[in-house]
Student: 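Pasting in a structure now, in structure tokens, and then I'll have a few things to ask.
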Amino acid sequence: MAAETLKSGAGAGGAAAVRRLLLDNGALTALIVLVIAMSALSGDFLTTDNLLNVGVQAAVTAILAFGVTFVIVSAGIDLSVGSVAALSATVLAWSATQHGVPVVLAMVLAVATGIAAGLVNGFLIAYGKLPPFIATLAMLSVARGLSLVISEGSPIAFPDSVSHLGDTLGGWLPVPVLVMVVMGLIAAFVLGRTYIGRSMYAIGGNEEAARLSGLRVKKQKLAIYALSGVFAAAAGVVLASRLSSAQPQAADGYELDAIAAVVIGGASLAGGTGKASGTLIGALILAVLRNGLNLLSVSAFWQQVVIGVVIALAVLLDTVRRKAGATPMTAGTGSGGGKGRQAATYGLAAVVTVAIVGATSFLHGGNSSSANPKVGLALSTLNNPFFVQIQSGAKAEAKKLGVDLTVTDAQNDASQQANQLQNFTSSGLDSIIVNPVDSDAASNSVKAADKAKIPVIAVDRGVNKATVDALVASDNVAGGELAAKTVAEKLGGTGKIVILQGQAGTSAARERAEGFAKGLKAYPGIQVLAQQPADFDRTKGLDVMSNLLQAHPDVQGVIAANDEMALGAIKALGSKAGKSVQVVGFDGTPDGLTAVKNGTLYASVAQQPSELGRIAVDNALKALQGKKVEETVKVPVKVVTKENVAGFSG
């Protein structure tokens, strides 16, 4: 791709020249094909608002990837950039909003945090002789843990003066895109015009030869990983600005996207090749793909499959190109003629893309919009039976009312959900239903929908600092109190219990924990032996409960913040479940209700998720039609035990 050029023969024919041009620019070719395909398949793709959305959605990944480019060019790897981004943003918000540190100094502290993390990585690799994979994997865990410790598991409001980085200039040009361009130019300059940039290519090409030629490899590695930390810090600040809060779980898994962007962009994991322009193209490919699949209403589950296949095909194309005779060329080493050819290639690509996309736009010019109302449902996750039931209830009601329903899965990633909500807004949906990953992080996206006059209904969790037409929810705090009361009364008001908490940083986990604490205050005879997070996950519930049993074999009760963790705890308890140890779950999922029938789960605080989904769609349609909707629609929770489970329907 852009990282390399082919030596074309003077007598090459037209077909051969085109073939070599395409092979030599694999990632650019893939991007052009994707843009053309998405333009042909969706009339909503080729709009100014949506193309700007693509840029915003690529920004954080691209900034992270620019830093990772330095590392990969030098034959290293950095798995910690996502966690370092979250830690840097948390440090900024924590110091500025909770401790009164001037914002400028807080920004310096955030950058210093990124540099410190990078220096630790570099020291462990260069002087500790740890493999880069192991050293940065350790930093991934350490940085994420420190972010949770500093924030106490809760999002921290971002300073208003810094939050402007997530806004637009002139009401249309997104600041994150400008930051991405600036950071890309800095990365290109470092790689192509500086001593350390040349050192990266030398170390990646042959580290021993670089050392023997007089290069101080160890010190250079310190600088390389420190640079990666700086770019991670910048990405963290941009991400937190978009979400108006520093999320301790932000950028989880982004290191994989960053590495994928670098490799798709033409860099080799073996080191020695790679360019900033190629990395930018790689990040844009991922953003275009995700954006287009959202617009095409592709299932959230299939999206992961498609993205994986495209990444594999992009790298395979790069492999084919190399076997076809590509000659690697590092940044800053090409001749003026080579650079001229590259500029001409980019110019030709732009002309071809505009011409073909312009032609495909006629495919949508005469299309009339669907007569059915279009509603988007943005769920926090579909990796949990509770939210799958919300989706089922919503789909059933949408079918009944003649509504076209598009469902997205944020996979508990607040940033990904912000992207999905932006796509909903730019594609002109009639109404939006959002189940926020985090109540603060969804605010900017909901404000954008409000500005576009699109009604927004919140389901299960509210949206802070933004206006929604209605909130359809059960009361998590009240439900938590019911769970505490249920287990305490079953134990006769005295006993020893443990609490399995939800995913740190999520509003549902905080609210349910608050309810547990409130409910237990009325029962001083109940002793809480331990409280540990198990991330709303059954497997983690099993592992955490198994560990707690080693320290507290005399436990008599368990409160779990959802049924999945409760079911994991039941597995760990074995024959004790339902006999010597009483377990109470939350949500009323099908598996949870089955366990209640079997007697292994004493009770579940059921929220009737299908009803939540049904009422949300009903209110979305009412708001769209201008009918009055209640500001808050409470769906009652119910304690389901073996005595009443037969008559309960979620």
Side-chain angles (χ1 to χ4, degrees), residues 38 41-45 47 49-50 53-54 56-57 290-303 369-382 387-388 390-439 441-463 466-473 609 612-625 629:
M38 294 304 176
L41 293 172
S42 173
D44 296 318
F45 179 81
T47 64
D49 286 345
N50 190 62
N53 279 346
V54 171
V56 171
Q57 292 164 23
R290 289 196 171 101
N291 174 269
L293 293 175
N294 281 164
L295 296 179
L296 295 172
S297 301
V298 175
S299 161
F301 302 134
W302 278 108
Q303 285 188 29
S369 58
S370 170
N372 294 336
K374 296 180 180 179
V375 177
L377 170 59
L379 288 169
S380 57
T381 180
L382 282 173
F387 298 105
V388 173
I390 289 181
Q391 175 187 233
S392 298
K395 283 185 173 180
E397 187 69 3
K399 184 177 181 181
K400 174 184 173 183
L401 298 175
V403 171
D404 292 337
L405 185 69
T406 301
V407 182
T408 58
D409 172 15
Q411 301 175 352
N412 279 323
D413 182 344
S415 175
Q416 186 169 334
Q417 186 170 67
N419 294 342
Q420 292 164 352
L421 290 171
Q422 282 185 327
N423 293 341
F424 281 168
T425 301
S426 65
S427 60
L429 290 184
D430 298 309
S431 187
I432 295 173
I433 303 169
V434 57
N435 159 235
V437 173
D438 181 82
S439 299
S443 62
N444 282 346
S445 300
V446 171
K447 287 177 183 176
D450 289 340
K451 186 177 180 181
K453 306 299 183 184
I454 299 175
V456 179
I457 306 297
V459 61
D460 187 48
R461 305 165 188 165
V463 180
T467 301
V468 296
D469 292 76
L471 167 62
V472 181
L612 287 172
R614 184 192 70 78
I615 295 174
V617 170
D618 187 53
N619 277 265
L621 187 58
K622 285 181 178 178
L624 172 61
Q625 294 170 343
V629 295

Student: For Ser439, is there any backbone N or O sitting under 3.5 Å from a side-chain donor or acceptor partner on Ser443?
Tutor: no
Student: Rounded at 0.5 Å granularity, tell me how far CG in Leu624 sits from CG in Asn619.
Tutor: 12.0 Å
Student: Roughly how far, to the nearest 0.5 Å, is the CG atom of Asp438 from the CG atom of Asp413?
Tutor: 11.5 Å
Student: Are Ile457 and Val472 close enough that some pair of their side-chain heavy atoms sits under 4.5 Å apart?
Tutor: yes
Student: Measuring from Ser426:OG to Asn50:CG, what's the distance to the nearest 0.5 Å?
Tutor: 4.0 Å
Student: Side chain of Asp430, backbone of Lys374: donor and acceptor closer than 3.5 Å?
Tutor: yes
Student: Ignoring hydrogens and angles, tell me if any N or O in the side chain of Asp618 forms a donor-acceptor pair with the backbone of Arg614 under 3.5 Å.
Tutor: no
Student: Measure from the side-chain N and O atoms of Asp469 to the backbone N and O of Val456, and report whether any donor-acceptor pair falls under 3.5 Å.
Tutor: yes
Student: If the test is side-chain contact (heavy atoms from CB on, under 4.5 Å), which one of Ile390, Leu405, Val403 qualifies with Lys395?
Tutor: Leu405
Student: For Thr47 versus Gly43, what's the shortest heavy-atom pair and its separation?
Tutor: CG2-O, 4.2 Å
Student: Hey, which of Gln420, Gln416, Gln417 is the one that makes side-chain hydrogen bond (donor to acceptor under 3.5 Å, both in side chains) with Thr408?
Tutor: Gln420
Student: Quick one: pull up CG in Asn435 and OG in Ser380 and give me the separation to the nearest 0.5 Å.
Tutor: 4.0 Å
Student: Apply side-chain contact (heavy atoms from CB on, under 4.5 Å) to the pair Asn419 and Asn291, showing each step before the final yes or no.
Tutor: CA-CA 8 Å; Asn419 294 342; Asn291 174 269; over 6 Å; no
Student: Please identify which of these residues, Asp450, Ile454, Thr406, meets the side-chain contact (heavy atoms from CB on, under 4.5 Å) condition with Ile432.
Tutor: Ile454
Student: Within the distance-only criterion (no hydrogens, no angle test), does the side chain of Ser431 pair as donor or acceptor with the backbone N or O of Pro455 below 3.5 angstrom?
Tutor: yes
Student: First locate atom OG1 of Thr425, then atom NZ of Lys451, and finally report the distance between them rounded to the nearest 0.5 Å.
Tutor: 11.5 Å
Student: Sub-3.5 Å donor-acceptor pair from the side chain of Ser42 to the main-chain atoms of Met38, do we have one?
Tutor: no
Student: Kindly give the heavy-atom pair with the smallest separation between Val468 and Val446, and that separation in Å.
Tutor: CG1-CG1, 4.1 Å
Student: For Ala442 versus Pro436, what's the shortest heavy-atom pair and its separation?
Tutor: CB-CB, 4.1 Å
Student: Can you tell if the side chain of Gln57 reaches within under 4.5 Å of the side chain of Arg290, non-hydrogen atoms only?
Tutor: no
Student: Which heavy-atom pair separates Gly462 from Ala458 by the least distance, and what is that distance?
Tutor: CA-CB, 4.3 Å
Student: Would one find more than 12 heavy atoms of other residues, nucleotides or ligands at under 6.0 Å from atom NZ of Lys447?
Tutor: yes
Student: Once rounded to the nearest 0.5 Å, what's the spacing between atom CG of Leu377 and atom CZ of Phe387?
Tutor: 11.0 Å
Student: Between Asp409 and Leu382, is there a donor-acceptor pair closer than 3.5 Å when you use the side chain of the first and the backbone of the second?
Tutor: yes
Student: With side chains defined as the heavy atoms from C-beta onward, is the minimum distance between Leu621 and Glu397 less than 4.5 Å?
Tutor: no
